[in-house]
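Numbered from 1 within each chain, the chains take letters A, B, ... in sequence-line order. Quantities reported herein were computed from a predicted structural model and do not represent experimental measurements. Quick note: numbers below take in every heavy atom, side chains included, and nothing from hydrogens, waters or symmetry partners.
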There are 2 protein chains.
Amino acid sequence: MHRQGRPVLAMFPVRDGSAKSVFESPLGWRQVTAFAHRGDVLGLEDLDGQAHCTSAVAMQDTHCCVVPVETARAHLLSAEYREPMRSTLRRNAERERTLLVAIGSMKAAQRLAMLLLDLAGEQRRRGNAGAALTLAMSRNDMASYLGLTLETVSRLLARFATVGLITVRQRQLRIIDPAGLCSVYEDPERVPLRPPQPVTDSPSACAPGPARLDTTQGIHAAGTSVA
Amino acid sequence: MHRQGRPVLAMFPVRDGSAKSVFESPLGWRQVTAFAHRGDVLGLEDLDGQAHCTSAVAMQDTHCCVVPVETARAHLLSAEYREPMRSTLRRNAERERTLLVAIGSMKAAQRLAMLLLDLAGEQRRRGNAGAALTLAMSRNDMASYLGLTLETVSRLLARFATVGLITVRQRQLRIIDPAGLCSVYEDPERVPLRPPQPVTDSPSACAPGPARLDTTQGIHAAGTSVA
DNA sequence: CGTTATTTTGAAGACCATCAATTACGGTGG
DNA sequence: CCACCGTAATTGATGGTCTTCAAAATAACG
């Protein structure tokens with residue numbers, strides 16, 4: 001694909017698979033700044049520079065097209081492709097800023113909920129409507145993206161699962177209660193409680209708000225059941 | 001100036017004074033994403049969109065030029081201005097990414113050191129070579145930019161001062177030991193110790209650099225003087 | 001089937017946020 | 001000039017969130 005600092009030779013629409021964008025700061029700190037799936041374009045942001053400012057790393061077997069810079073830049077001016085390309089650029093910039101704010105001022109659970117909702121949304125946007133996600137990235141990648149540690153991500157996923165928001169098994173993830181996840185994303189307080197008192201059977205412990213969580217009560221929080 | 005969401009009508013080179021760029025996330029979280037001083041250009045990043053994606057807020061009496069979009073976009077294509085403008089755009093993007101990584105994985109003291117060094121560098125870049133900085137932004141702004149609270153910023157500045165890295169009095173700041181600050185920025189461990197023992201006169205605890213701290217005390221300068 | 005990487009889970013405590021109270025500063029008006 | 005007020009900044013005490021270190025369990029791989 002492309003590496004940070006290397007000259008810009010092409011952009012790479014992802015045909016199949018998935019990749020992450022990794023940025024290495026001047027001091028050597030490394031952080032995942034974006035995830036790309038089928039339909040996303042790697043190296044798009046760097047088109048009007050000389051050198052790539054991130055590196056792309058595949059997270060699985062991934063195929064992508066290679067569009068040489070001249071062609072790509074021509075597309076940027078063409079009537080046909082200009083708008084979609086710019087729109088994508090804007091969406092990515094917006095997402096990066098949102099991520100900045102998230103890392104800067106939201107709690108870990110909120111950030112993770114954000115990521116999950118985002119991944120689900122992207123998957124929906126590209127056709128796969130099912131609520132079942134297959135995470136291509138490792139816990140470490142998620143943690144890096146969110147400014148957390150892999151342990152925290154793991155623990156939070158477990159907590160999300162025990163309160164019935166999702167089910168996880170390794171990299172198979174299913175969102176059970178999108179509205180609930182969303183309210184976790186929105187409300188700093190609504191962090192899934194750590195086992196406060198060993199509840200007997202109470203239908204999930206989401207506390208205060210109106211938060212119309214549509215009585216998804218039959219949550220058999222045993223975790224791990226989905227295929 | 002310009003407000004997030006409003007149509008892009010112009011870009012605004014800062015002639016005098018200073019401003020901050022504020023981004024408001026979809027959920028209403030607000031965060032300072034950049035500081036602009038004389039010579040910087042507000043709204044530059046939004047030139048090829050319809051709407052501004054941040055708001056600019058002056059931090060003091062500030063004058064800036066108004067370059068209408070058509071003119072600005074023309075400049076982006078002209079041989080004369082294209083390169084400097086793009087170079088600025090790249091620098092800003094790089095800085096924003098570096099900030100992301102900083103907030104995501106560096107300690108509070110490192111981030112603050114980064115900001116101070118950055119401000120000093122910018123000031124040097126625009127001529128004012130003196131080591132005396134006048135912070136235009138409030139502690140709150142710094143905190144927001146760095147993903148911290150104002151109290152933490154205040155405490156860290158105090159600690160920086162007690163170990164001889166800087167002197168601060170309100171918004172008058174002087175970097176005494178650039179090398180020491182730099183090593184704080186680079187090394188997560190080298191956080192200025194909380195007052196271990198009040199040193200009498202020992203040349204401070206900054207290790208590797210030459211660390212020539214020339215005891216500049218007694219800076220008394222009233223703020224706000226510009227027209 | 002052994003080996004390695006990834007993930008989970010636990011326990012301890014660092015770091016920073018939060019709450020609260022005090023001090024400093026700038027402006028206003030008596 | 002000084003009392004008054006509001007904003008900004010400092011400082012302290014407390015505890016929650018998250019990191020860190022460590023170990024076990026699970027999955028992936030040759």
Side-chain angles (χ1 to χ4, degrees), chain A residues 20 29 31 59-61 102-113 134-144 146-162 166-173 184 187-196 222-224, chain B residues 20 29 31-32 59-61 102-113 134-144 146-162 166-173 184 188-195 219-226:
Chain A
K20 54 186 173 184
W29 297 91
Q31 183 158 341
M59 298 189 294
Q60 57 187 191
D61 278 356
I103 294 183
S105 41
M106 301 194 339
K107 309 228 170 212
Q110 296 182 274
R111 301 183 220 171
L112 182 56
T134 300
L135 303 173
M137 69 286 290
S138 70
R139 300 289 128 99
N140 221 338
D141 292 332
M142 291 194 239
S144 169
L146 297 172
L148 300 170
T149 59
L150 72 168
E151 294 99 324
T152 300
V153 170
S154 181
R155 268 184 262 266
L156 281 176
L157 285 175
R159 271 164 62 188
F160 283 3
T162 63
I166 62 173
T167 60
V168 227
R169 170 152 188 167
Q170 295 291 128
R171 300 199 174 181
Q172 294 301 318
L173 186 144
V184 168
D187 186 351
E189 309 296 330
R190 193 181 296 278
V191 182
L193 328 146
R194 52 279 246 96
T224 78
Chain B
K20 54 186 173 183
W29 296 93
Q31 182 158 342
V32 175
M59 297 188 295
Q60 57 186 191
D61 279 355
I103 294 183
S105 42
M106 303 195 337
K107 309 227 171 212
Q110 296 181 274
R111 299 183 222 173
L112 182 56
T134 300
L135 303 173
M137 68 288 287
S138 70
R139 299 291 130 98
N140 221 337
D141 292 332
M142 291 194 239
S144 169
L146 297 172
L148 300 170
T149 60
L150 71 168
E151 293 99 323
T152 300
V153 169
S154 182
R155 268 185 260 266
L156 282 176
L157 285 175
R159 271 164 62 188
F160 283 3
T162 64
I166 62 174
T167 60
V168 227
R169 170 150 187 170
Q170 297 290 129
R171 299 199 175 180
Q172 293 302 318
L173 188 144
V184 168
E189 309 296 330
R190 191 181 296 279
V191 182
L193 329 147
R194 43 278 251 109
I219 311 168
H220 50 286
T224 73
S225 64
V226 188

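- Nearest approach of B:S105 to A:W29, heavy atoms of both residues: O-CZ3, 3.7 Å.
- A residue-by-residue look at B:R155 and A:R155 shows that A:R155 has its nearest nucleotide of DNA chain C further toward the 5' end.
- Taking atom CG of residue B:N140 and atom P of nucleotide D:dT10, one finds them 12 Å apart after rounding to whole Å.
- Rounded to 10°, the angle separating the first-five-pair axis and the last-five-pair axis of the helix from C:dC1-D:dG30 to C:dG30-D:dC1 equals 40°.
- Checking C:dT7, C:dC25, D:dC18 against every side-chain atom of B:Q170, the shortest atom distance belongs to C:dC25.
- A straight line from CG of A:L150 to P of C:dA5 spans 15 Å, rounded to a whole angstrom.
- Of the listed nucleotides (D:dA13, D:dT20, C:dT6), C:dT6 has the atom at the smallest distance from the side chain of A:R171.
- Rounded to an integer number of Å, the gap from B:Q110 CD to C:dC15 C1' is 13 Å.
- With hydrogens and angles disregarded, no donor-acceptor distance shorter than 3.5 Å links the side chain of B:R139 to the backbone of B:E151.
- Taking atom CG of residue B:L157 and atom C1' of nucleotide D:dA8, one finds them 14 Å apart after rounding to whole Å.
- No donor-acceptor distance shorter than 3.5 angstrom exists from the side chain of B:T134 to the backbone of B:Q172, with no hydrogens or angles considered.
- For B:K107, there are no salt bridge (Lys or Arg N to Asp or Glu O under 4.0 Å) partners two or more places apart in sequence or in a different chain.
- In this structure, CD of A:E189 is placed 13 Å from C1' of D:dT17, rounded to the nearest angstrom.
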Requested in this report: Could you check A:L157 against A:I166 for side chain to side chain contact (heavy atoms under 4.5 Å, CB included), going step by step and ending with a plain yes or no?
Outcome: CA-CA 8 Å; A:L157 285 175; A:I166 62 173; 3.9 Å; yes
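- Within the 4.0 angstrom heavy-atom criterion, only backbone atoms of the sugar-phosphate kind lie near B:L148; the bases stay farther away.
- Side-chain proximity of B:E151 to D:dT11, C:dT7, C:dC25: nearest is D:dT11.
- For B:L173 and D:dA9, the CG to C1' distance is 14 Å, given to the nearest whole Å.
- In this structure, A:A109 and A:V184 approach most closely via the heavy-atom pair O-CG1, 3.9 Å.
- Atom P of nucleotide D:dA27 and atom CG of A:L135 are separated by 15 Å, given to the nearest angstrom.
- In this structure, the nucleotide among D:dC18, C:dC25, D:dT20 sitting nearest to the side chain of A:T149 is D:dT20.
- Nucleic acid contact for B:S138: sugar-phosphate only, since backbone atoms but no base atoms lie under 4.0 Å from a heavy atom of the residue.
- A straight line from NZ of A:K107 to C1' of C:dC15 spans 13 Å, rounded to a whole angstrom.
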Checking side chain to side chain contact (heavy atoms under 4.5 Å, CB included) for the pair B:I103/B:L146: CA distance, chi angles, key distance, verdict? CA-CA 6 Å; B:I103 294 183; B:L146 297 172; 5.6 Å; no
